[in-house]
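All values below come from the heavy atoms of this structure, side chains included, with hydrogens, waters and symmetry mates left out. Throughout, a chain's letter reflects where its sequence line sits, starting with A, and its residues are numbered from 1.
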Amino acid sequence: MTERPVLLDIRDLHVWFRVYEGLSKVLDGVSLHVREAERVGLVGETGCGKTVAMKAAMGTLKSPPALFPAGEVLLTGKDVLKMSPAEILNMKGKTIAMIFQDPLSSLNPVFTIGQQMFDVIRYGHRRTSNGKRPTRAQLRSSAVEALASVRLPDPERMLKSYPLELSGGMRQRALIAMALVNRPRLLIADEPGTALDVTVQAQILNLLKALVKDAGIAVLMITHDLGVVREIAERVYIMYAGQVVETGPAAEILDAPQHPYTQGLLASVPRLTGGVLAEGIPGTVPDYTEAPSGCRFHPRCPHQMDRCVQRKPSLAETSTGRLVSCYLYSEETDE
Amino acid sequence: MSEPILGVENLVKYFPVRSGLLHRISGYVKAVDGVSFDVQPGEIFGLVGESGSGKSTVAKTVVQLYELTSGKIHFKGKDVTRLSKQTSKWFRREAQMVFQDPRSSLNPRRSIASTLEDPLIIYGIAKSRREREKIIRTLLQQVEMSSRYMYKYPSALSGGQRQRVAIARALAVNPSFLALDEPTSALDVSVQAKLIGLFVRLKEELNLSYLFITHNLSLIRTIATRAAVMYVGRIYELGPVDRLFNHPVHPYTKTLIAAAPVVTQEEERVKPRQMSKEGEVPSPVTPPSGCAFHPRCQLADSVCAEKLPELTEIELGHFVRCHHVALSTADEGSSE
């Protein structure tokens with residue numbers, strides 16, 4: 001595979017929040033990148049910091065309460081954390097688009113799908129054609145084209161419908177159409193389809209995959225569902241308590257996880273082939289105001305060693321394309 | 001087979017749809033339309049289906065949170081279809097329910113102890129305060145929770161802990177049957193795995209039987225002995241999980257299994273061929289004629305649109321509702 005240029009590059013990002021209890025150190029040196037036209041999964045359980053990482057990438061984390069003691073978020077080479085609000089707005093229209101978990105709450109119930117689509121198109125237009133406003137006919141045709149591309153039946157009528165008149169699957173399709181209508185280079189998808197039924201979810205995921213493949217759009221898919229990741233992502237990052245513990249080709253990691261956390265997580269997933277279910281991972285996710293030192297997984301890890309407590313292991317290559325942050329796999333020693 | 005603990009015969013539950021100024025009944029949501037199954041003692045019987053299939057309504061009707069429209073329910077050999085005052089008290093102790101979202105099923109303004117105390121008072125299980133406290137400690141122990149949570153409020157607990165409290169509340173009256181309605185769907189997988197372990201242990205320790213409702217097929221495969229697949233108010237396939245997953249017959253069952261998100265390659269290999277066209281679950285207010293799956297089914301022909309197929313036993317304990325049973329079974333070979 002030829003290496004495509006890097007689109008989003010998060011480097012050693014630390015994000016803290018000032019809270020009543022003290023300093024909540026949520027992200028502890030997260031590094032991840034997404035190349036052009038690459039489909040990447042960011043996986044972790046509730047509260048692992050995946051949404052914080054994504055919000056940082058979108059430039060939507062307000063500071064305060066957020067603090068960025070270290071790290072940078074480079075989007076096409078420019079640091080999002082240092083951008084002015086105007087620059088962020090500009091970037092959002094052009095480079096990044098997002099879709100969310102619950103399609104109903106991300107659509108405005110009192111406007112028709114058409115009105116909301118026109119808004120999005122107008123916004124994108126302003127960014128590309130130096131303030132020249134698109135005509136009504138232009139708006140219509142691009143909206144209809146976008147709705148047809150997500151295989152919504154009768155797009156003309158769809159434009160006049162209100163979100164409540166559509167089914168969950170149709171709403172999600174409409175949202176995908178809106179997200180892709182301005183041809184972003186990166187699509188951030190936060191648990192798309194989780195609120196839908198499995199058969200509909202499968203249809204949506206297939207559609208999304210086909211669309212981004214055709215258009216060469218990169219995807220960063222944020223999810224807790226390992227099955228969804230397998231469907232969509234080529235590469236995957238596994239996050240635990242604000243640290244990336246393992247990254248590599250999705251299928252490889254899911255078939256043979258190496259980090260003890262990933263192993264525990266995968267052993268907890270019931271299988272279609274049956275078999276005995278492991279009893280989860282002992283302990284619970286730590287509190288970020290007093291996060292464990294070193295590798296944050298050490299209090300729950302069956303292979304805990306002294307150095308795990310002292311220092312966070314760096315991501316070391318264990319096989320082609322696979323990086324694992326664990327002393328079990330690295331020769332790193334304390335100096 | 002021994003005497004089932006729960007027998008459900010032709011269960012029907014319609015909800016009236018009211019409209020207009022006078023709120024006249026203008027139609028019915030046929031949430032459950034003739035469902036029959038039984039749960040054996042010590043069994044985990046799974047009910048799977050997508051939203052709107054009526055699986056939760058079945059659970060709520062079975063434990064009589066809803067009054068059924070027609071049909072029969074037997075529990076431990078007794079007819080409990082219409083509850084008298086006496087049988088009501090007995091039945092409601094025997095059959096309990098655990099809901100999906102522990103955030104909404106626990107009262108946020110009441111401590112764990114106060115939540116667990118209620119059933120003990122209502123059923124006169126423990127008269128004195130001290131006795132109740134002792135029982136509550138045992139209950140928390142049973143769900144593997146420290147008794148230091150006794151005087152905490154639900155907001156101080158994690159999702160998994162809240163669900164444990166909900167289970168403890170169900171166990172407070174010593175039931176022999178639990179209807180579990182998506183009890184782990186709101187939780188992370190590692191937490192879900194712990195709760196599933198707990199459910200299995202409790203079943204052994206306390207001789208319980210479960211009706212386990214979920215949309216997660218892999219979960220049903222892992223824990224249930226038998227399962228039924230529901231679609232728009234009816235059962236379309238029922239059988240031992242081994243049969244259901246290794247040799248699914250109904251096109252809808254195949255579709256459902258094929259659509260299940262899986263994590264390993266091994267699972268990908270055992271998936272049957274997708275049998276559906278694009279489309280969504282129809283509304284139970286206006287269900288399709290004949291076989292409800294026919295608008296999405298690749299095998300559908302004119303008969304399917306006209307006549308509802310019977311639920312037929314094609315092998316011992318394996319029932320299928322499809323006009324094309326022969327066709328769907330023949331297809332099996334090619335998918336493997």
Side-chain angles (χ1 to χ4, degrees), chain A residues 44-48 151 153 166-170 193-207 223-232 240 250-257 261 264-285 300, chain B residues 48-53 158-161 184 186-198 200-201 214-224 231 241-242 245-246 252 255-271 274 276-283 296:
Chain A
E45 296 187 280
T46 313
C48 74
R151 282 186 256 141
L166 310 183
S167 70
M170 284 154 90
T194 348
L196 302 172
D197 285 316
V198 275
T199 55
V200 183
Q201 185 190 40
Q203 291 167 18
I204 296 283
L205 290 179
N206 282 334
L207 171 77
T223 180
H224 67 276
D225 191 327
L226 293 153
V228 167
V229 160
R230 193 182 180 100
E231 291 288 317
I232 289 274
Y240 174 77
E252 268 179 49
I253 288 190
L254 295 177
D255 285 333
Y261 171 67
L265 187 67
L266 274 154
S268 312
V269 181
R271 300 292 156 87
L272 207 50
T273 41
V276 191
L277 193 62
E279 278 253 358
I281 303 165
T284 50
V285 180
R300 304 174 72 184
Chain B
V48 291
E50 299 181 274
S51 56
S53 63
S158 68
Q161 288 170 327
T184 59
L187 306 170
D188 275 322
V189 279
S190 67
V191 182
Q192 162 175 287
K194 286 183 203 166
L195 270 184
I196 293 298
L198 175 68
V200 172
R201 273 195 299 281
T214 178
H215 65 275
N216 186 338
L217 289 159
S218 308
L219 188 54
I220 278 295
R221 171 75 169 117
T222 318
I223 64 160
Y231 191 68
V241 284
D242 287 339
F245 282 83
N246 295 333
Y252 178 62
T255 300
L256 212 51
I257 299 176
V262 297
V263 294
T264 60
Q265 211 176 354
E266 195 194 347
E267 291 168 276
E268 205 70 65
R269 258 186 252 125
V270 301
K271 276 187 176 183
Q274 174 69 253
S276 112
K277 305 176 209 158
E278 276 210 355
E280 292 181 35
V281 184
S283 146
R296 295 171 68 188

Would you give me the side-chain donor-acceptor pairs under 3.5 Å for residues 268-277 of chain A, sequence neighbours excluded?
unit_1: A:S268; atom_1: OG; unit_2: A:G264; atom_2: O; d: 2.7
unit_1: A:R271; atom_1: NE; unit_2: A:V269; atom_2: O; d: 3.4
unit_1: A:R271; atom_1: NH2; unit_2: A:L266; atom_2: O; d: 2.7

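Distance CD1/A:I281 to CG/B:D188: 9.5 Å, rounded to 0.5 Å. In this structure, B:T264 OG1 and A:L254 CG are separated by 8.5 Å, a value rounded to the nearest 0.5 Å. Separation of atoms OG1 (A:T284) and CD (B:Q161) is listed at 7.5 Å; rounding is to 0.5 Å. For the atom pair B:E268 CD and A:D255 CG, the distance stands at 10.0 Å (nearest 0.5 Å).
Of the two parts of A:P153, neither the backbone nor the side chain holds a non-hydrogen atom closer than 4.5 Å to a non-hydrogen atom of chain B. Proximity to chain A (any heavy atom under 4.5 Å) is restricted, for B:Q192, to the side chain, taken from C-beta onward. With a threshold of 4.5 angstrom between heavy atoms, B:I257 approaches chain A through its backbone and through its side chain. Proximity to chain B is limited to the side chain of A:D225, based on heavy atoms less than 4.5 angstrom apart. Interface residue B:I196: only side-chain heavy atoms are found under 4.5 Å from chain A. Proximity to chain A (any heavy atom under 4.5 Å) is restricted, for B:V270, to the side chain, taken from C-beta onward.
The shortest side-chain heavy-atom distance between B:E50 and A:V198 falls under the 4.5 Å cut-off.
For the set B:D242, B:V281, B:I223, B:L219, the entry with the most heavy-atom pairs within less than 4.5 Å of chain A is B:L219. Ranked by heavy-atom pairs under 4.5 Å with chain A, the list B:S190, B:A259, B:P261 is led by B:S190.
Remark: A:E279 engages B:R201 in a salt bridge (Lys or Arg N to Asp or Glu O under 4.0 Å) (not counting sequence neighbours).
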